[in-house]
Amino acid sequence: MTDLPAIVAQIAADMAGEVERGAVADYIPELAKVDPGQFALAVALPSGHVISAGDAATPFSIQSVSKVFTLAIALGRLGDSLWNRVGREPSGLAFNSILQLENEAGIPRNPFVNAGAIVVTDAILAGHAPKVVLAELLAFIRAAAGDEDIHINKAVARSEQATAHRNIALAEFMAAHGNLRNPSALTIGTYVHQCAVEMTTAQLARAGRFLVGAPGCPRLVSPARARRINALMMTCGHYDGSGEFAYRVGLPGKSGVGGGILAIAPGRASIAVWSPGLNAQGNSRLGTLALERLVRATGWSVFG
Ligand code: GLU
């Protein structure tokens with residue numbers, strides 16, 4: 001039996017000694033203030049028991065990890081018709097790239113690049129007020145985590161809104177192609193609040209259990225849907241670093257520019273890691289390294 005507490009503690013101790021920590025996202029001014037010296041790793045077992053080390057009780061901005069939850073909600077509401085508006089292929093481009101939208105008639109490559117996530121948010125907004133959709137998102141995340149103490153950081157949302165030129169451009173470009181149902185200001189306003197959800201690493205690990213597919217995990221989506229969300233996380237969850245993440249870690253994962261990563265070891269555990277410094281693709285540098293070590297120590301890669 002693997003000694004998980006010892007492995008998790010050892011990885012956190014090793015990460016504390018890492019000098020090369022990456023750079024915090026600074027295009028959202030509020031995120032630029034976060035101390036890059038922080039690190040947390042949390043492993044949630046199907047029972048809900050969490051093994052953690054480091055700053056696992058410190059809330060951070062989940063940013064694009066929120067796209068996993070909004071995708072689950074959108075598929076629940078629209079089913080497969082969502083795929084008329086967004087694809088399921090890796091993009092090989094930066095998270096906020098507009099390049100493919102021109103060639104591909106305003107249909108984003110996948111639900112995890114910004115353009116795709118904006119379409120997903122637009123789809124769940126249809127006919128609802130933003131605050132209703134955001135309340136639904138928080139309710140979903142709180143149910144998944146089994147924890148009511150999860151909120152949106154308004155300062156982070158305001159800070160992103162004030163500098164959201166690229167995301168507004170993506171939304172307007174898709175509107176020009178008939179792939180946006182709401183005014184871009186409404187959709188982007190909702191999107192930046194969704195990205196500004198704050199959670200601790202321990203809460204995020206617990207919240208990912210609905211994708212683990214083991215007895216004891218919350219059943220918020222069907223097993224077939226969980227399998228497909230995991231497939232998209234594996235192929236598209238790290239933008240143009242998705243291939244590298246699959247190669248090094250070998251688990252479905254979704255990163256955010258706040259430095260968080262949610263990774264799923266199917267049938268075994270939900271893992272969250274947080275370290276604010278990012279690599280060139282906008283994925284947590286130490287987060288990826290820590291997951292690589294965890295998988296090596298546990299043998300949890302889906303590739304054996
Ligand atoms: N809110 C961020 C943006 O749209 C999310 C990006 C990310 O976390 O990768 O720029």
Side-chain angles (χ1 to χ4, degrees), residues 22-34 36 59-71 86 90-99 101 108-122 130 133-134 137 141 152-174 180 184-199 201 204 232-233 235-242 244-245 253-263 272-285 287-288:
V24 296
D26 56 4
Y27 73 100
I28 299 174
E30 206 56 30
L31 296 185
K33 299 179 185 166
V34 179
F60 67 94
S61 192
I62 68 167
Q63 291 295 318
S64 285
V65 182
S66 66
K67 296 171 181 176
V68 173
F69 303 111
T70 49
L71 177 63
V86 58
S91 69
L93 291 173
F95 68 100
N96 57 5
S97 176
I98 200 166
L99 288 176
L101 281 182
R109 274 289 172 99
N110 66 65
F112 294 147
V113 289
N114 281 12
I118 290 166
V119 162
V120 169
T121 299
D122 185 67
V133 168
L134 292 168
L137 171 65
I141 295 175
I152 291 171
N153 182 322
K154 302 254 171 47
V156 171
R158 270 196 302 273
S159 176
E160 180 170 359
Q161 180 79 61
T163 55
H165 311 293
R166 276 192 89 97
N167 285 332
I168 293 166
L170 291 171
E172 285 294 335
F173 199 84
M174 293 190 289
L180 207 73
S184 65
L186 212 61
T187 299
I188 295 300
T190 310
Y191 170 81
V192 299
H193 282 81
Q194 139 197 344
C195 290
V197 168
E198 250 179 19
M199 298 172 78
T201 308
L204 183 59
L232 290 164
M233 289 168 72
T235 51
C236 311
H238 281 71
Y239 312 118
D240 47 339
S242 298
E244 181 71 8
F245 186 82
K254 181 73 206 85
S255 66
V257 291
I261 301 175
L262 173 64
V273 63
W274 171 57
S275 181
L278 308 178
N279 64 19
Q281 286 78 33
N283 304 313
S284 176
R285 187 175 191 287
T288 309

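We count ligands from 1, going down the list as the structure has it; atoms in each ligand are counted the same way.
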Atom CG of N114 and atom CD1 of I98: how far apart are they, to the nearest 0.5 Å? 11.0 Å
Keeping the roles fixed (side chain from W274, backbone from G258), state whether a donor-acceptor pair exists under 3.5 Å. yes
Going by the atom numbers of ligand 1, which of them fall below 4.0 Å from some non-hydrogen atom of C195? 1 (N)
Sidechain-backbone polar pair: S284 side chain, S275 backbone, donor-acceptor under 3.5 Å: yes
Return the closest protein heavy atom for atom 4 (O) of ligand 1 as residue, atom name and distance. Y191 OH, 2.6 Å
At under 4.0 Å between heavy atoms, what of S64 touches ligand 1? The answer is both
Report the nearest protein non-hydrogen atom to atom 10 (O) of ligand 1: residue, atom name, distance rounded to 0.1 Å. Y27 OH, 2.5 Å
Nearest 0.5 Å, what's the CG-CD distance between N153 and E30? 6.5 Å
Is there a donor-acceptor pair under 3.5 Å between the side chain of N283 and the backbone N or O of S255? no
Considering only heavy atoms, does N167 approach ligand 1 within less than 4.0 Å through its side chain, its backbone, both, or neither? side chain
Taking atom 9 (O) of ligand 1 as the reference point, the nearest protein heavy atom with its distance: Y239 OH, 2.6 Å
Ligand 1 N/O within reach of V257 N/O, cut-off under 3.5 Å: yes
Atom pair CD (E198) and CZ (F60), whose distance is rounded to the nearest 0.5 Å: 9.5 Å
So, regarding K67 and ligand 1 (criterion: nitrogen or oxygen to nitrogen or oxygen, under 3.5 Å), is there a contact or not? no
Mode of R166 contact toward ligand 1 - side chain, backbone, both, neither (heavy atoms, under 4.0 Å): neither
What protein heavy atom is closest to atom 2 (C) of ligand 1, reported as residue, atom name and distance in Å? Q63 OE1, 3.1 Å
If only atom types and distance count, is the side chain of T187 paired as donor or acceptor with the main-chain N or O of S184 below 3.5 Å? no
Out of all atoms in ligand 1, which are within 4.0 Å of some heavy atom of E160? Include the element for each. 1 (N), 2 (C), 3 (C), 4 (O), 10 (O)
Suppose I only count heavy atoms of G256 and a 4.0 Å limit; which atoms of ligand 1 are within that range? 8 (O)
How close do L262 and L204 get, heavy atom to heavy atom, and via which atoms? CD1-O, 3.7 Å
Look at the rings of F95 and Y27 and say which category their plane angle falls in: under 30° parallel, 30 to 60° tilted, over 60° perpendicular. tilted
At under 4.0 Å between heavy atoms, what of N114 touches ligand 1? The answer is side chain
